[in-house]
Participant: 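Take a look at the following structure, please.
Throughout, numbering of the chain's residues begins at 1 and tracks the sequence. Read the numbers this way: they start at 1 and go in the same order the structure lists the ligands and their atoms.
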Amino acid sequence: MSHVPQQAPDGGLRHLLSLDGLPASVLHDLLDRAQVLLPDAHAGTALRGRRAGRTMCTLFFETSTRTRSSFQLAATRLGMDVLNFDVGSSSTRKGESALDTLRTLEAMGVDVFVVRHADDGAVAQLAAGAAPGTHLINAGDGRASHPTQGLLDMLTLRQRKGRDFSRLTVLIAGDLKHSRVARSDLHALRALGCGEIRVCGPANLLPGEEVLRGCRVFGDFDQAIAGVDAAIMLRLQRERMDEGLVPSMEGYYRDFGLSPERLALAAPDALVMHPGPMNRGVEIDGAVADGPQSVVLAQVANGVAVRMAVMDALLAG
Ligand code: NCD
């Protein structure tokens with residue numbers, strides 16, 4: 001969404017709308033900030049003075065479990081006031097536009113809006129109408145972008161595999177077509193100079209060439225996973241699908257599910273990642289999701305620190 005500058009002329013972040021176009025230095029700075037905050041991110045009280053007096057509002061036009069709760073906790077742990085705007089019971093039901101809703105809450109003194117929306121580009125559009133001092137964070141817009149998920153995935157990789165992404169082969173597998181997580185991961189992996197990026201999924205669940213720029217594309221999962229350092233598994237997004245894209249869940253698991261046998265083809269210390277929510281027995285076997293190579297819950301834990309870091313950076317800038 002390059003028409004809304006998310007960086008100020010001095011390079012500081014004003015909004016976080018997409019990872020697309022952010023250089024490695026900005027990504028590493030955010031990850032460094034998250035890593036510094038991490039020890040206290042879960043302690044509860046240590047950082048409560050850090051952004052006291054500032055207000056964060058979640059504005060979710062789509063459902064969420066992890067993202068919304070972790071933003072709430074992240075803001076609370078920075079000492080911020082937290083407002084959870086309930087779209088379902090609000091005047092948006094009476095036809096008030098998202099921008100009028102945002103301006104109304106802005107007038108109440110909200111500094112940071114965390115917004116999820118079903119439409120691609122919706123958060124950038126809101127950012128274009130926001131007052132100069134207001135910061136927007138994209139918590140997922142349509143299929144386009146989910147930048148904090150991309151960052152927490154990179155933090156999880158960096159913690160376990162080091163800062164040098166050029167040595168890594170990373171696979172993103174499953175329903176890439178409908179996945180904003182995949183797009184943000186691809187933006188980040190490219191910017192960080194990942195050695196080899198592989199993607200794998202049924203042909204009708206892969207996005208266009210522009211999204212897959214620079215990736216090795218596989219139709220065969222056994223070949224795709226051979227020797228990889230990490231496999232990022234994606235949820236089959238049945239709610240976003242037209243009927244008939246996937247003939248059967250059993251068939252999908254057989255061809256594209258991460259089973260223990262398939263995981264054995266990856267590097268011995270390969271990481272298993274998944275943004276959640278998982279469909280056990282569809283894209284991932286339950287035993288793999290809970291197994292020793294799975295970092296799924298570490299991703300969730302890193303999510304709180306990353307969201308603290310992003311809000312902290314926006315408010316510092
Ligand atoms: C994802 C989302 O909503 O984009 N979940 C998440 O934020 N961790 C992925 C999904 O819904 O499959």
Participant: Can you check whether P277 has an N/O within less than 3.5 Å of an N/O in ligand 1?
Facilitator: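 No; every N/O pair is 3.5 Å or more apart.
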Participant: Evaluating non-hydrogen atoms only, which member of S179, G276, S184 is closest to atom 9 (C) of ligand 1?
Facilitator: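 The residue whose heavy atom sits nearest atom 9 (C) of ligand 1 is G276.
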Participant: Only heavy atoms of Q237, strictly under 4.0 Å: list the atoms of ligand 1 that pass.
Facilitator: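 With Q237 as reference, the close atoms of ligand 1 come out as 10 (C), 12 (O).
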Participant: If you define the side chain from C-beta out and look only at heavy atoms, does anything of L126 sit under 4.5 Å from H117?
Facilitator: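 Not in contact.
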Participant: Walk me through whether D285 and R280 qualify under salt bridge (Lys or Arg N to Asp or Glu O under 4.0 Å).
Facilitator: CA-CA 6 Å; D285 187 284; R280 291 168 184 260; over 6 Å; no
Participant: Pick from T134, L315, D81: which one makes a side-chain contact (heavy atoms from CB on, under 4.5 Å) with D111?
Facilitator: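 Option passing the side-chain contact (heavy atoms from CB on, under 4.5 Å) with D111: L315.
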Participant: Which atoms of ligand 1 are found less than 4.0 Å from any heavy atom of R116?
Facilitator: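 Heavy-atom distances to R116 below 4.0 Å select 2 (C), 3 (O), 7 (O).
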Participant: Can you name the atoms of ligand 1, numbered from 1 with element, that are less than 4.0 Å from a heavy atom of R180?
Facilitator: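 Matching atoms, with element in brackets: 2 (C), 3 (O), 4 (O).
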Participant: Below 4.0 Å from ligand 1: does a non-hydrogen atom of E62 turn up there or not?
Facilitator: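 No heavy atom of E62 comes that close to ligand 1.
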Participant: Walk me through whether R163 and D32 qualify under salt bridge (Lys or Arg N to Asp or Glu O under 4.0 Å).
Facilitator: CA-CA 11 Å; R163 296 175 76 98; D32 289 343; 3.0 Å; yes
Participant: Please indicate whether any nitrogen or oxygen in P275 is less than 3.5 Å from any nitrogen or oxygen in ligand 1.
Facilitator: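 N/O-N/O distance under 3.5 Å: yes.
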Participant: Short list, please: which atoms of ligand 1 are under 4.0 Å from a heavy atom of T67?
Facilitator: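 Counting atoms of ligand 1 from 1, those under 4.0 Å from T67 are 6 (C), 7 (O).
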Participant: For N302 and Q159: C-alpha separation, side-chain torsions, deciding distance, then whether side chain to side chain donor-acceptor pair (under 3.5 Å) applies.
Facilitator: CA-CA 10 Å; N302 280 333; Q159 284 165 343; 2.9 Å; yes
Participant: Nearest heavy atom to atom 7 (O) of ligand 1: which of R66, Q149, H146, R183 does it belong to?
Facilitator: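 It is H146 whose heavy atom sits nearest to atom 7 (O) of ligand 1.
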Participant: Hey, are the side chains of V114 and M56 touching, using non-hydrogen atoms and a 4.5 Å cut-off?
Facilitator: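 Yes, at least one pair of side-chain atoms sits under 4.5 Å.
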Participant: Any heavy-atom pair between the side chains of D40 and R77 that's under 4.5 Å?
Facilitator: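 No, their side chains stay 4.5 Å or more apart.
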